[in-house]
Every structure is written in C-alpha cells, then in structure tokens.
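Okay, so here's the structure we're looking at.
Every chain is numbered from 1 and lettered A, B, ... according to where its sequence line falls, protein lines coming before strand lines.
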Number of protein chains: 2
Amino acid sequence: MLRDLKDARRNTLKRNSRLSLALHTLSHMAGNPEKMRTSADIADHAGTNPVVVRRVLGRLREAGLLTSEKGHAGGWQLARAPEAITLADVYLALDERLVASDENADAPACSVEHALHKRVSSVLEDVERSLVQKLGETSISEMRGN
Amino acid sequence: MLRDLKDARRNTLKRNSRLSLALHTLSHMAGNPEKMRTSADIADHAGTNPVVVRRVLGRLREAGLLTSEKGHAGGWQLARAPEAITLADVYLALDERLVASDENADAPACSVEHALHKRVSSVLEDVERSLVQKLGETSISEMRGN
DNA sequence: GATACACGCAACACATAATGTTACGTGATC
DNA sequence: GATCACGTAACATTATGTGTTGCGTGTATC
C-alpha cells in the first residue's frame, strides 16, 4: 500500500521542478537548521531520487546556501541562518531565467528587426529584475508556519 | 546564401519561444496596425513555420488580442489599439505560469508537509501576481522605437 | 462557379531538456 | 576495513515544444 502510494508520487514530471524541490527542501530545513539530512531522506520527503536531490542541492551549495559532508553521519545543512536566505538566492542559484531569454539567440539581420529584438529583450530583462527583487523580499524562514 | 541564413535561423529551439514569438509579432504589428499580415509573412520574419505562428496567434485570438480572417486577402490584425494591449495580456493569453506551478501536484500525506506545501504555493502565487502586475505596466506599443 | 489564397486543425516525426535510474569512485566515520 | 553518504558519469525514460505535411473550410477575385 505504501508502495503504491510511493509509486503514484514518483515518476511525475512537474514544471519548475528544481525550484520547487529546492524551496520545499530549504523550507523544511529551516525548521531545524542543526539537523543533518541525507539526500535519501530528502528524496523520500520530496518523492524523488537521491541523485536528483544531490544535483539540485549541489547548485545551492555552489551558491553558498548549503554545505554537504561526505561519509558517515554526512549529509546536508544550511550554510547560514534561514532568515538570511531569500527566494532570490535560491532562484539565482538555480540559474533559471524564467522570463528573459538567455540572449544567445541569433540577431536578426534586418536593422529594424534588430532594434525591436533589443527592445523586447531589454523590457524582459527589466521584468526579470523585478521578479528577482520580489523574490528577495521573502526568506525561506518565512515559508514555515512558525 | 539567403537560403543558408534561413537554414541557420530555423530549427533553433529557444526557451520561452511562444512568449518571444508573440511579443515580437505583436510589437511588429503595433507599428502598422492597419496592415493585414499572413502567417507566412510572420513566420518568415520570425524564422519559423506558418503553422507554429497560427498555433501561437490562435491563443492570442482566443484572448481577444487578435483577429484573423480567412480566404483571399486574409490574415491577422490587432483586435484593439496597441496601447491597450499589455505584456500581461499576452502572458496570460499564453497561459504560461512561469513561476507558480499548475497546482495539480499531489498533496503530501503528512500534515506538516501539506502545510508547508500550501505555504510555498501561496508565496509563489503571490510572486506570480507580482509578475503579472509588472507585465501589465508595459504595452506592446512601447516596444517600438517610435 | 472555378480558382487561388489563407486560416483551422489533426497527425506525425523530430529535437530538446528534464528527470529517473544504475553504477562506481571518493572521503569520512565507526 | 566496513559502512555510509556524497560526487559524478552514463544511459533510459518521459515530457514538452517545434517542424512538417496534409486536408478541410471559408473568402475574395476572375
């Protein structure tokens, strides 16, 4: 029965999966920052795979949000106080770029098209900045019910 | 040569392709709202396929941003003044939901996990609303250089 | 009314990117 | 040294979007 439930939860691809996983995990960790958590535990809670967890959390570690320890009694911990980790930190660590494109697209040959392209990109960049600013207003500690 | 250039431009998958195509097309149309444009013309400018154009613009028509006419001398036109079409209109018409998930994800069994999930979703919904508001501040007429 | 034009839509192939999974190496602790 | 947990590579699987073709429908032109 528990097996069936787990089967129902896994193998489901979600949009914004990385961001969702990162946010849920960090929020959960914020409730007990001292506790060391293994990728297996986290994967169980998130209904996914330990390797996937390590992939995502690895990016957060590169951004300085998490620390990881190998070996016995190893696992993951917050690198700093949960109040000091904002959603923007998480978003930027994952390098998602939800709104603006990555700007490596081909530049149109026509000059008027080129100007329009630059204008659109500029506006979307502005929106992206606005998004990051909004994300920066909330810390992961505020995601807990406490 | 022109053949090669076109070959280089097509078959390139971009992120946010629909939004990008819609924005560029509408901005371009805003420069000359009276002109009727065919999906073939638009596809040429965008370096894509007429069917793809019709797919994307079809959504914009459903949202009341565009009108399409069949038959000879048919094509696409803005349904209203370009000043009255905001980026939020376009974004919502495409139903992208860049930040918040589609909320059809499975609800966790554990109650504390469930509460956290709801909290995270709530915050992301708030961010999404903020994004739409920001997009609503710019009209497609402002994307033109004029 | 026949023809050409343009959208509407379905069906399929193809490409891309993410996740799921397995396996093996490395470091740390007991 | 045995165990545990991360680090990483490699591959399979899945999801999503795009490219493409074909055919139907409606409309203007001749």
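A sub-4.0 Å separation between OP1 or OP2 of D:dT18 and a side-chain N or O of B:N49 is absent. Proximity of A:R18 to the phosphate of C:dT19: a side-chain N or O atom is located under 4.0 Å from OP1 or OP2. Taking side-chain N and O atoms only, A:T48 has no distance below 4.0 Å to OP1 or OP2 of C:dT19.
Take A:N32 and apply the side chain to side chain donor-acceptor pair (under 3.5 Å) test, not counting sequence neighbours, and it matches no residue. Remark: B:S39 pairs with B:R54 by the side chain to side chain donor-acceptor pair (under 3.5 Å) rule, at least two apart or across chains. A:A73 meets the side chain to side chain contact (heavy atoms under 4.5 Å, CB included) test with no other residue; sequence neighbours excluded.
In this structure, the helix from C:dG1-D:dC30 to C:dC30-D:dG1 shows an angle of 10° between the axis at its start and the axis at its end, each fitted on 5 base pairs and rounded to 10°.
Straight-line distance from the CE atom of B:M36 to the P atom of C:dC5: 16 Å, rounded to whole Å. In this entry the distance linking CG of B:L19 with P of D:dT16 reads 19 Å, nearest Å. Between the CG atom of A:L57 and the P atom of C:dT19 there is a distance of 12 Å, rounded to whole Å. Regarding A:L21, its CG atom lies at a distance of 8 Å from the P atom of C:dT19, rounded to whole Å. When the C1' atom of C:dC7 is taken as reference, atom CD1 of B:I42 falls 11 Å away, rounded to whole Å. Atom pair B:R59:CZ and C:dG8:P shows a separation of 14 Å (rounding to whole Å applied). The distance from atom CG of B:D95 to atom C1' of D:dT16 is 15 Å, rounded to the nearest whole Å. In this structure, B:D44 atom CG and C:dA6 atom C1' are separated by 14 Å, rounded to whole Å.
The heavy-atom pair separating A:S141 from A:A30 by the smallest distance is CA-CB, 4.3 Å.
Counting only residues at least two apart or in different chains, side-chain hydrogen bond (donor to acceptor under 3.5 Å, both in side chains) contacts with residues 75-88 of chain A comprise A:R80-A:D89, A:T86-A:D89. Within the structure, every pair that satisfies the side-chain hydrogen bond (donor to acceptor under 3.5 Å, both in side chains) test and touches residues 56-68 of chain B, not counting sequence neighbours, is listed here: B:R61-B:S68. A ring pair (Phe, Tyr, Trp, His ring centres under 6.0 Å) check over residues 21-42 of chain B, counting only residues at least two apart or in different chains, returns the pairs A:H117-B:H24, B:H28-B:H45.
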Show which side-chain atoms of residues 126-138 of chain A pair as donor or acceptor with protein atoms under 3.5 Å away, not counting sequence neighbours.
| residue | atom | partner | partner atom | Å |
| --- | --- | --- | --- | --- |
| A:E128 | OE1 | A:V99 | N | 3.0 |
| A:E128 | OE1 | A:A100 | N | 2.7 |
| A:E128 | OE2 | A:Y91 | OH | 2.3 |

Which pairs, protein N/O on one side and nucleotides 1-10 of chain D N/O on the other, fall under 3.5 Å?
| residue | atom | partner | partner atom | Å |
| --- | --- | --- | --- | --- |
| D:dC4 | O2 | A:H72 | N | 3.4 |
| D:dA5 | O4' | A:G71 | O | 3.1 |
| D:dC6 | OP1 | A:S39 | N | 2.7 |
| D:dC6 | OP1 | A:W76 | NE1 | 3.0 |
| D:dC6 | OP2 | A:S39 | N | 3.3 |
| D:dC6 | OP2 | A:S39 | OG | 2.5 |
| D:dG7 | OP1 | A:R61 | NH1 | 2.1 |
| D:dG7 | OP1 | A:S68 | OG | 3.0 |
| D:dG7 | OP2 | A:R61 | NH1 | 3.0 |
| D:dG7 | N7 | A:R54 | NE | 3.4 |

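Residues B:L60 and B:L94 are in side-chain contact: their nearest non-hydrogen atoms beyond the backbone lie under 4.5 Å apart.
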